[in-house]
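Written out below as structure tokens is the structure these notes cover.
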Amino acid sequence: ARVTPSHARNFARILTPNFVTAILFPDGPASARNVRMTGLEIFPAASVNEDNADLVRVGNITARSVDELPEGIEFDRCYIHGALAGETRNAINANGRNIIVRDSYISEIKTSFVENHAFVSYNSPGPFTLVNNYIEASAIPILFGGAEPSIRSPMLPANLDMRYNYVTKALKWFRLSPYYEGKQYANKTMLEWKVGANSLVRWNVFEHNFREERSDQSGQAIAFNIRLPYPQTGAWARTEGIDFIDNIVRRSHSAWSILGSDFNYGNTGLTQRITIRNNLFHDIGKTWDYREGRDYATTFGRLIGGGRDIVVESNTYHSSEKVDSPAGPASGLI
């Protein structure tokens, strides 16, 4: 069963000082193989918010081949969290092969100055298994791609199996919530690909995805993007083969967004073979925009800059207010 914070009294504790990674699996010829961590509470004294100070780091981004990556790293029934009064950039920076997180609880991942993640990977071919976890972060709880890998080859984060997770953002970070605690944190999407391939996301719940003014991605719950970590990747970068089916997305400003090519680098890269099927999108609307006036467009779906082989079918959408649906020559909104 999934653990909760109440189980922590029975766990071994790894309490790391400020700006220090708690667990590191380095790259290299002797990198770790087949390690399972069970029943751990992993947390910082106050803040872990520098680029090189993830709470858990699998791979230190020096590998020059996939053989040098850590392999078979599993987090089983662990409680991984930031400090209530501090800021934490990444809970698990997962740059190895065959990374598994199951039945765990990840929370209090938040930063006010830079994007943060509960689970992020950009220097890995996968596979990844995320099953039955509580996952909470203010910016992007789960992200694939978005940074420069050390292995410069046609390698994409691939083969994600994501099932039975509850992905959320704390209402105490939402300005219009009665639980708001008075401090804003970085906020964008809930699940996002900047590059990635061959993923199945099924039977998950995504909840409380509000919008704020710092990013036009903010409020889009699920983002199938193509953003190149450096210009040379344009020839092979892909976001492709992703099935998003049988999920619930609720209490969000907008539902999903697809970026077909990266206009930052001359419309290179490609998003293709995306399926969004048989999902429930409930309570989608401007109620979840905490800007005064709440005038930013709410959309059930957004397609920007093309893309290929996009299937959107048999979904249910619900909003208690008007949903905007403008269209442009290179984009469309539902």
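Here, residue 1 is the first one in the sequence, and each next residue gets the next number. Only a predicted model underlies this, so the values are computations on that prediction, with no experimental measurement involved.
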For this session: Using the rule that two of Ile, Leu, Val, Met, Phe, Trp, Tyr join whenever any of their side-chain heavy atoms come within less than 4.5 Å, decide whether Ile140 and Ile222 are in one cluster.
Result: no
For this session: Please test Phe43 against His81 for ring-ring contact (aromatic ring centres under 6.0 Å, His included), starting from the C-alpha separation and ending with a verdict.
Result: CA-CA 5 Å; Phe43 64 107; His81 63 93; 5.0 Å; yes
Exercise. Val120 and Ile99: same hydrophobic cluster, using ILVMFWY side-chain contacts below 4.5 Å?
Worked result: no
Exercise. At their closest point, which heavy atom of Ile73 faces which heavy atom of Met37, and how far apart are they?
Worked result: CG2-CE, 3.7 Å
For this session: Check whether any side-chain N or O of Asn132 sits under 3.5 Å from a backbone N or O of Ala1 as a donor-acceptor pair, and report yes or no.
Result: no
Exercise. Do the side chain of Ser314 and the main chain of Arg277 share a donor and acceptor less than 3.5 angstrom apart?
Worked result: no
Exercise. Which heavy-atom pair separates Val3 from Cys78 by the least distance, and what is that distance?
Worked result: CG2-O, 3.7 Å
Seminar exercise, completed: Separation between CD1 (Ile109) and CG (Asp54), nearest 0.5 Å, reads 10.0 Å
Exercise. Just by distance, do the side chain of Thr239 and the backbone of Thr271 share a donor-acceptor pair under 3.5 Å?
Worked result: no
Problem set entry | Non-hydrogen side-chain atoms of Ile245 and Leu200 separated by less than 4.5 Å | yes
Exercise. Rounded to the nearest 0.5 Å, how far apart are OG of Ser199 and CD of Glu240?
Worked result: 10.0 Å
Exercise. Going from CE on Met155 to OG on Ser124, what distance comes out if it is rounded to the nearest 0.5 angstrom?
Worked result: 6.5 Å
Exercise. Do Met162 and Leu191 come close enough that some side-chain heavy atom pair is under 4.5 Å?
Worked result: yes
Exercise. Does the side chain of Glu87 reach to within under 4.5 Å of the side chain of Phe113, using non-hydrogen atoms?
Worked result: yes
Problem set entry | Side chain Ser261, main chain Thr268, donor-acceptor under 3.5 Å | no
Exercise. Do Arg9 side-chain atoms and Ser6 backbone N/O form a donor-acceptor pair below 3.5 Å?
Worked result: yes
Exercise. Do the side chains of Ser138 and Lys169 get nearer than 4.5 Å, heavy atoms only?
Worked result: no
Problem set entry | Heavy-atom pair of closest approach, residues Ala83 and Ala46 | CB-O, 3.0 Å
Exercise. Are Tyr122 and Leu160 linked, directly or through other ILVMFWY residues, by side chains that come within less than 4.5 angstrom of each other?
Worked result: no
Exercise. Between Asn209 and Glu207, is there a donor-acceptor pair closer than 3.5 Å when you use the side chain of the first and the backbone of the second?
Worked result: no
Exercise. Can you find a heavy atom in the side chain of Ile23 that is under 4.5 Å from one in the side chain of Ile14?
Worked result: yes
Exercise. Are the side chain of Asp289 and the backbone N or O of Thr287 linked by a donor-acceptor pair below 3.5 Å?
Worked result: no
Exercise. Closest approach of Asp246 and Asn279, non-hydrogen atoms and distance?
Worked result: N-OD1, 3.2 Å
Exercise. Do Leu143 and Trp256 belong together in a cluster built from hydrophobic side chains that touch within less than 4.5 Å?
Worked result: no
For this session: Would you please classify the geometry between the Tyr105 ring and the Tyr79 ring as parallel, tilted or perpendicular, with 30° and 60° separating the classes?
Result: perpendicular
Seminar exercise, completed: For Met190 and Phe206 the tightest heavy-atom approach is SD-CB, 3.9 Å
Exercise. Counting distance only, does the side-chain N/O of Ser177 pair as donor-acceptor with the main-chain N or O of Tyr179 below 3.5 Å?
Worked result: yes
Problem set entry | Heavy-atom donor-acceptor pair, Asn204 side chain to Tyr164 backbone, under 3.5 Å | yes
Exercise. Any chain of hydrophobic side-chain contacts (each under 4.5 Å) joining Phe281 to Ile142?
Worked result: yes
Seminar exercise, completed: For Asn225 and Ser257, the nearest pair of non-hydrogen atoms, with its separation, is OD1-O, 4.5 Å
Exercise. Given the rule in the salt bridge (charged side-chain N to carboxylate O under 4.0 Å, His left out) test, do Lys188 and Glu115 qualify, once you have shown the distances and angles that lead to the verdict?
Worked result: CA-CA 8 Å; Lys188 294 178 74 176; Glu115 188 178 292; 2.9 Å; yes
For this session: Look at the aromatic rings of Phe128 and Phe144 and report parallel, tilted or perpendicular, splitting at 30° and 60°.
Result: tilted
Exercise. Stepwise, does the side-chain contact (heavy atoms from CB on, under 4.5 Å) test hold for Ile226 with Val195?
Worked result: CA-CA 6 Å; Ile226 182 74; Val195 292; 3.9 Å; yes
Problem set entry | Aromatic plane relationship, Phe224 with Trp193 - under 30° parallel, 30 to 60° tilted, over 60° perpendicular | parallel
For this session: For Thr168 and Tyr134, run side-chain contact (heavy atoms from CB on, under 4.5 Å): C-alpha distance rounded to whole Å, both residues' side-chain angles, the deciding distance at 0.1 Å, then the answer.
Result: CA-CA 8 Å; Thr168 188; Tyr134 178 98; 3.4 Å; yes
Problem set entry | Beyond-backbone contact of Val201 with Asp243, side-chain heavy atoms, under 4.5 angstrom | no
For this session: Please confirm whether Tyr180 and Phe174 have ring centers closer than 6.0 angstrom.
Result: no
Problem set entry | Gap between atom CG of Asn93 and atom CG of Asn60 - 0.5 Å precision | 10.5 Å
Problem set entry | Donor-acceptor under 3.5 Å (Asn123 side chain, Asn95 main chain) | no
For this session: Output the distance between atom CD (Glu71) and atom OG (Ser31), rounded to the nearest 0.5 Å.
Result: 8.0 Å
Exercise. Is the closest side-chain heavy-atom distance between Val167 and Val205 below 4.5 Å?
Worked result: no
Problem set entry | Minimum side-chain heavy-atom gap Val114-Arg89 below 4.5 Å | yes
For this session: Go through the side-chain N and O atoms of Lys110 and Asn116 and say whether any donor and acceptor fall under 3.5 Å apart.
Result: no
Exercise. Any salt bridge between Lys172 and Glu108, counting N to O under 4.0 Å?
Worked result: yes
Exercise. When you check the gap from the basic side-chain N to the acidic O, do Arg2 and Asp103 get nearer than 4.0 Å?
Worked result: no
Problem set entry | Pairwise distance OG(Ser104) to CD1(Ile135) - rounded to 0.5 angstrom | 9.0 Å
Problem set entry | Carboxylate-amine/guanidinium proximity below 4.0 Å for Lys183 and Glu181 | no
For this session: Verify side-chain contact (heavy atoms from CB on, under 4.5 Å) between Leu69 and Phe25, making sure each step is shown before the conclusion.
Result: CA-CA 9 Å; Leu69 295 173; Phe25 295 97; over 6 Å; no
For this session: Run the numbers on Gln184 and Arg175 for side-chain contact (heavy atoms from CB on, under 4.5 Å), then give the verdict.
Result: CA-CA 8 Å; Gln184 296 181 48; Arg175 187 190 306 174; 3.1 Å; yes
